[in-house]
Amino acid sequence: MSQALAALPVRPEDRTGYERSKFRHWTDADGDGCSTRQEVLKRDALTAPDQGPRCTLTGGAWFSPYDDTYIDDARSLDIDHLVPLAEAWDSGASAWTAREGQDYANDLGDPRDLVAASAKSNRSTADRDPSQWRPPVTAAPTSPTGSPTRPGGAWTSTPPNRPP
């Protein structure tokens, strides 16, 4: 393992040209009328919300793991990109096509990649990478090093081939 880690190339991060808008997010990839945000809210709900026309969600209950808070209003939740879009950019996403950035920002393939969290806790992360931000609640998922569990999931600096 140590040899494999030593063989990984290390480059300085570069935020030049980063704009959040370059990662089009909250699309409806499967055409069911629900955006990625709504899909995550439905998936992460402790009590399922009612789904109305155009995937309007009412009711429901969620747990925000970053601040140990129960929330019963979807409008009080953000969807956290566990690897922030800016961090992805710094780490190589700057070379991705617009479609690859969109696919990353809306990836539902690994439930660790996008997580419903209180707006307050999510916004406290800003664009900081996992080594710079820790959840305020010690019970939040962390790695053995104490960093928040914010894995890259299936994504690397070269996105995998995914169906459109």
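All residue numbers in this chain count up from 1 along the given sequence. Heavy-atom basis, side chains included; hydrogens, waters and symmetry copies ignored.
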Whether Asp28 side chain and Asp32 backbone form a donor-acceptor pair below 3.5 Å |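 Confirmed, Asp28 side chain pairs with Asp32 backbone.
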Can you hop from Leu57 to Leu114 via hydrophobic side chains spaced under 4.5 Å?
->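 Yes, one cluster joins them.
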Listed partners of Arg43 passing side chain to side chain donor-acceptor pair (under 3.5 Å), at least two apart =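 Scan of Arg43 (side chain to side chain donor-acceptor pair (under 3.5 Å), adjacent residues dropped) gives none.
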Side-chain atoms of residues 44-56: list all donor-acceptor pairs with protein atoms under 3.5 Å, sequence neighbours left out, distances to 0.1 Å.
residue : atom : partner : partner atom : Å
Asp44   : OD2  : Ala116  : N            : 2.9
Gln51   : OE1  : Lys42   : NZ           : 3.0
Thr56   : OG1  : Pro53   : O            : 2.9

Which value, rounded to the nearest 0.5 Å, describes the distance between [X] atom [atom1] and [Y] atom [atom2]?
X	Y	atom1	atom2	result
Ser94	Tyr18	OG	OH	12.0 Å
Lys22	Trp96	NZ	CH2	14.0 Å
Thr58	Arg75	OG1	CZ	10.0 Å
Arg37	Asn106	CZ	CG	13.0 Å

For residues Thr27 and Thr36, determine if any side-chain heavy atom of one lies less than 4.5 Å from a side-chain heavy atom of the other.
-> yes
Evaluate the ring planes of His81 and Trp26, with Trp represented by its six-membered ring, and classify them as parallel (under 30°), tilted (30 to 60°) or perpendicular (over 60°).
->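 Ring orientation of His81 relative to Trp26: parallel.
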Indicate the ring-plane relationship of Tyr70 and Phe63, choosing parallel, tilted or perpendicular according to the 30° and 60° boundaries.
-> tilted
Assess whether side-chain contact (heavy atoms from CB on, under 4.5 Å) is satisfied between Tyr104 and Leu85, documenting all intermediate values.
-> CA-CA 9 Å; Tyr104 175 77; Leu85 301 177; 3.7 Å; yes
